[in-house]
2 protein chains.
Amino acid sequence: MSLDYKDKKVIGIGIMSELTGLSERQIRYYEERKLVFPERSKGGTRKYSFADVERLVDIANKMEDGMQTFEIRKQEMKKSDVRDKMLRGQLNAAFKMRK
Amino acid sequence: MSLDYKDKKVIGIGIMSELTGLSERQIRYYEERKLVFPERSKGGTRKYSFADVERLVDIANKMEDGMQTFEIRKQEMKKSDVRDKMLRGQLNAAFKMRK
DNA sequence: CGTGTAAGGAATTCTGACACG
DNA sequence: CGTGTAAGGAATTCTGACACG
């Protein structure tokens, strides 16, 4: 029940840096390139989730493989696109079965 | 695999305060009374886990019921004591079965 | 006993920019 | 393009203490 801890945005950039091995500079840059989307505290401080930790580790690996940020973003977008289509497909199937 | 997110100490006291509804003063005081055990960053800043969030909410409830910090600590100690005994009992049983 | 608060300082984080390449 | 760094400022956190009760 509830969003489960994994998606709660509660991690500061300092700890995020420790957990991923990335520099704060890199983490902020990947945000600029639309690869991660932290929340902000009232004061403007960044807050990440454990899901973001996984995402950043993933990004770090792709960067090591020589991939560029815009390619990674394209790939991510494709993923959620596929998920959207699958979801729509399932809803559709369920709807048909209803009648 | 790994300690799972629940026990990773990654939450600052500010967010902890938001998540539990307790003031930072209260959270620090419960630490002084040995009810929570945050880790510290190099700089000395406190870091909590989601398990700590649950623990603090639990403590908050007991405080509302008029319980005092030392009673809560006693209760907690009894709990881990029971767990220890059960664990020892199981190890013992397993050992006997071996021979 | 449990908690609020003002106080002074230290640690953390933020943004925009220059640098290299 | 991706990342390091120095710069100045703002937000966050820390401790010890006084207050009330």
Side-chain angles (χ1 to χ4, degrees), chain A residues 8-77, chain B residues 8-77:
Chain A
K8 272 270 183 190
K9 305 274 190 176
V10 299
I11 304 174
I13 195 167
I15 303 188
M16 189 49 132
S17 174
E18 290 179 11
L19 294 179
T20 61
L22 294 167
S23 69
E24 301 188 6
R25 179 68 164 99
Q26 290 175 304
I27 298 175
R28 293 198 189 97
Y29 180 66
Y30 297 153
E31 174 182 0
E32 187 182 321
R33 303 314 310 277
K34 309 289 182 192
L35 295 179
V36 271
F37 309 93
E39 287 181 1
R40 298 281 184 142
S41 70
K42 308 87 236 280
T45 210
R46 269 167 271 249
K47 297 304 167 194
Y48 303 86
S49 67
F50 279 109
D52 290 332
V53 175
E54 296 185 5
R55 176 186 289 261
L56 277 172
V57 169
D58 208 66
I59 291 171
N61 288 142
K62 289 174 180 164
M63 290 300 285
E64 272 183 42
D65 293 347
M67 210 177 300
Q68 286 185 300
T69 58
F70 84 95
E71 301 180 274
I72 299 179
R73 182 169 59 254
K74 236 191 307 178
Q75 202 178 73
E76 295 295 316
M77 287 174 63
Chain B
K8 271 269 182 192
K9 306 273 190 176
V10 299
I11 305 175
I13 196 169
I15 303 188
M16 189 48 133
S17 174
E18 291 179 10
L19 294 179
T20 61
L22 293 168
S23 70
E24 300 186 8
R25 179 67 166 102
Q26 289 175 304
I27 298 175
R28 294 198 190 97
Y29 180 66
Y30 297 153
E31 173 180 2
E32 187 182 320
R33 303 313 311 277
K34 310 289 181 192
L35 296 178
V36 271
F37 310 92
E39 288 181 2
R40 298 280 185 144
S41 70
K42 309 85 235 279
T45 211
R46 268 167 271 249
K47 296 304 167 191
Y48 303 87
S49 66
F50 279 111
D52 291 330
V53 174
E54 294 184 6
R55 176 185 288 260
L56 277 171
V57 168
D58 208 64
I59 292 171
N61 289 142
K62 288 174 181 164
M63 289 299 285
E64 271 182 44
D65 294 347
M67 211 175 300
Q68 286 185 299
T69 58
F70 83 94
E71 302 180 273
I72 298 178
R73 181 169 59 252
K74 234 191 312 177
Q75 203 178 74
E76 295 294 316
M77 287 173 60

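Just so it is clear, the structure is predicted and the values come from calculations on it, not from any experiment. Just so it is clear: chains get the letters A, B, ... in the order the sequence lines come, proteins before strands, and each one is counted from 1.
- Rounded to whole Å, the distance from CD on B:Glu18 to C1' on D:dT13 is 14 Å.
- Across the protein-nucleic acid pair, A:Ile27 atom CD1 and C:dT13 atom P stand 10 Å apart, rounded to whole Å.
- In DNA chain D, the stems built from three or more successive Watson-Crick or G-U pairs (distances below 3.5 Å) are C:2-5 with D:17-20, C:17-20 with D:2-5.
- We find that CZ of A:Arg28 is positioned 7 Å from P of C:dT15, with the value rounded to whole Å.
- B:Ser23 and B:Ser17 make their closest contact through CA-OG, 4.1 Å (heavy atoms, listed as atom of the first residue, atom of the second, distance).
- Distances shorter than 4.0 Å separate some side-chain N or O of A:Ser41 from OP1 or OP2 on D:dT12.
- For A:Thr20, the side chain to side chain contact (heavy atoms under 4.5 Å, CB included) partners at least two apart in sequence or on another chain are A:Met16, A:Leu22, A:Ile27, A:Val53, A:Leu56, A:Val57.
- The pair A:Arg28-A:Glu32 does not count as a salt bridge, with every side-chain nitrogen at least 4.0 angstrom from each carboxylate oxygen.
- The list of salt bridge (Lys or Arg N to Asp or Glu O under 4.0 Å) pairs with a residue in residues 10-20 of chain A, not counting sequence neighbours, reads A:Glu18-B:Lys42.
- Nearest heavy atom pair, residue B:Pro38 against residue B:Tyr48, reads CB-CE2, 3.4 Å.
- Protein atom NZ of A:Lys42 is 16 Å distant from nucleotide atom C1' of D:dT13, rounded to whole Å.
- When distances are taken from the side chain of B:Arg46 to each of D:dT12, D:dT13, D:dT15, the shortest belongs to D:dT15.
- The CD1-C1' distance, from B:Ile15 to C:dT13, rounds to 13 Å in whole Å.
- Remark: of the listed residues B:Lys47, B:Arg46, B:Lys9, B:Lys9 is the sole one forming a salt bridge (Lys or Arg N to Asp or Glu O under 4.0 Å) with B:Asp52.
- For B:Phe37, the side chain to side chain contact (heavy atoms under 4.5 Å, CB included) partners two or more places apart in sequence, or in a different chain, are B:Lys34.
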Close N/O contacts between protein and nucleotides 2-5 of chain D (under 3.5 Å):
residue : atom : partner : partner atom : Å
D:dG2   : OP1  : A:Thr69 : N            : 2.8
D:dG2   : OP1  : A:Thr69 : OG1          : 3.4
D:dG2   : OP2  : A:Tyr29 : OH           : 2.7
D:dG2   : OP2  : A:Arg33 : NH1          : 2.9
D:dG2   : OP2  : A:Thr69 : OG1          : 2.9
D:dT3   : OP1  : A:Gln26 : NE2          : 3.0
D:dT3   : OP1  : A:Tyr30 : OH           : 3.1
D:dT3   : OP2  : A:Tyr30 : OH           : 2.9
D:dT3   : O4   : A:Arg25 : NH2          : 3.0
D:dG4   : OP2  : A:Ser23 : OG           : 2.7
D:dG4   : N7   : A:Arg25 : NE           : 3.2
D:dG4   : O6   : A:Arg25 : NH2          : 3.0
D:dT5   : O4   : A:Arg25 : NE           : 3.3

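- Separating the NZ atom of B:Lys47 from the P atom of D:dC14 is a distance of 8 Å, rounded to the nearest angstrom.
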For this session: Apply side-chain contact (heavy atoms from CB on, under 4.5 Å) to A:Arg55 and A:Glu76, showing your working.
Result: CA-CA 10 Å; A:Arg55 176 186 289 261; A:Glu76 295 295 316; 3.5 Å; yes
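- The salt bridge (Lys or Arg N to Asp or Glu O under 4.0 Å) pairs that include a residue from residues 65-74 of chain A number zero, where partners must be two or more places apart or lie in different chains.
- Straight-line distance from the CD atom of B:Glu31 to the P atom of D:dT13: 14 Å, rounded to whole Å.
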